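Worth saying up front: this structure is predicted, and the values here are computed from it rather than measured. Sequential numbering from 1 along the given sequence is applied to the chain's residues.
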Amino acid sequence: MSIRIGDVAPDFVQESTEGPISLHEWGKGKWVVLFSHPKDFTPVCTTELGEVARLKPEFEKRNVKVIGLSVDPLESHRGWAGDIKETQGTALNFPLLADADRKVSGLYDMIHPNANDTFTVRSVYIIDPGAKVRLIITYPASTGRNFDEILRVIDSLQLTDKHKVATPVNWKQGQDVIISPALKDEAEIKKLFPKGYKAVKPYLRITPQPDKN
């Protein structure tokens, strides 16, 4: 199954370290980050899960719930959680789906046979409160993810949903943004962006982030 940005995220019910989870019900009214791991008791995955646990307050500030997935069974996940706490200094504090039947990984196309026909690649899906897929990233098994980047993207998505702007290359919270090229009416622009803007080109208009003082 091919999932694209803008699609409704496929719903599922699957067992997890925090009990059975129905994705749409569990994520109702929240942003959701769903991310997969190739296998339990592997080094890169262990560091990633520890980092996500450490960053949980940052996700919560943004109204985000995180949920991991591995194709190993629940008993294995529970044993692995002990290693994560021991080696990373942070206990697992979000659910980890037990996808031994490959139901969710198949639904979300997380197994890429030419890389490995058994284990999932490092997939990331950001899903908005309307259950729409807003971002898809796929990493190879050998490369750990940058969760600061995932937080940055969430900041951008939430900002651009509220204001008629886009965020430029390498943008971070608090930096200047770009006025939407679709905005042409000067009176409307002045109303929406009272701090003013700099027109580098007619289509490239830079303005301070609207929701920052």
Side-chain angles (χ1 to χ4, degrees), residues 1-3 9-28 30-60 62 64-127 131 133 135-151 153-154:
M1 180 177 178
S2 178
I3 300 173
D11 199 12
F12 57 78
V13 177
Q14 190 74 319
E15 192 60 63
S16 83
T17 51
E18 296 186 6
I21 284 180
S22 170
L23 180 67
H24 285 187
E25 183 62 30
W26 179 80
K28 191 173 182 179
K30 302 282 188 180
W31 290 74
V32 171
V33 175
L34 169 64
F35 61 109
S36 60
H37 300 273
K39 188 173 173 56
D40 290 1
F41 299 101
T42 51
V44 176
C45 303
T46 300
T47 64
E48 287 187 326
L49 289 175
E51 177 68 359
V52 174
R54 186 185 69 80
L55 288 171
K56 188 177 182 181
E58 292 297 322
F59 286 110
E60 289 178 339
R62 295 163 171 82
V64 178
K65 297 178 84 171
V66 293
I67 183 166
L69 174 149
S70 177
V71 295
D72 288 307
L74 192 57
E75 184 179 347
S76 174
H77 286 1
R78 287 173 175 153
W80 188 24
D83 282 5
I84 293 164
K85 182 178 181 180
E86 178 188 346
T87 64
Q88 305 305 305
T90 310
L92 194 67
N93 54 16
F94 57 90
L96 188 58
L97 294 168
D99 195 42
D101 61 3
R102 313 295 200 268
K103 182 173 74 176
V104 179
S105 53
L107 196 59
Y108 279 79
D109 194 27
M110 292 172 168
I111 295 176
H112 295 192
N114 288 331
N116 190 299
D117 60 5
T118 304
F119 304 124
T120 57
V121 291
R122 297 185 193 282
S123 299
V124 181
Y125 291 87
I126 295 178
I127 302 163
V133 174
L135 171 136
I136 302 167
I137 308 177
T138 303
Y139 292 76
S142 59
T143 302
R145 283 164 280 216
N146 184 334
F147 284 93
D148 289 336
E149 165 64 6
I150 291 167
L151 287 168
V153 173
I154 292 167

Can you tell me if K103 uses its side chain to pair, donor with acceptor, with the backbone of V13 under 3.5 Å?
yes
For the pair H24 (side chain) and A9 (backbone), establish whether a donor and an acceptor sit closer than 3.5 Å, ignoring hydrogens and angles.
yes
When you look at D11 and S22, which way does the side-chain contact (heavy atoms from CB on, under 4.5 Å) test go after all the steps?
CA-CA 7 Å; D11 199 12; S22 170; 3.9 Å; yes
Aromatic rings W80 and F41: how do their planes relate, parallel, tilted or perpendicular, breaks at 30° and 60°?
tilted
For a quick check under 3.5 Å, do D40 and H77 share a side-chain donor-acceptor pair by atom type?
yes
Less than 4.5 Å apart, any side-chain heavy atom of [X] and any of [Y]?
X	Y	result
R54	E51	yes
D72	K39	yes
L151	R62	yes
L92	K85	no
I67	F94	no
R145	I137	no
I154	V33	yes
S105	V71	yes

Got a second to check how far [X]'s [atom1] is from [Y]'s [atom2], nearest 0.5 Å?
X	Y	atom1	atom2	result
D99	L69	CG	CG	4.5 Å
I127	K30	CD1	NZ	15.0 Å
L96	S36	CG	OG	10.5 Å
M110	L34	CE	CG	4.0 Å
E18	L74	CD	CG	11.0 Å
E15	I21	CD	CD1	8.5 Å

Pair R78-E75, salt bridge (Lys or Arg N to Asp or Glu O under 4.0 Å): steps then yes or no:
CA-CA 5 Å; R78 287 173 175 153; E75 184 179 347; over 6 Å; no
Does the gap between the ring centers of F147 and F35 come in under 6.0 Å?
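So the answer is yes for these two rings.
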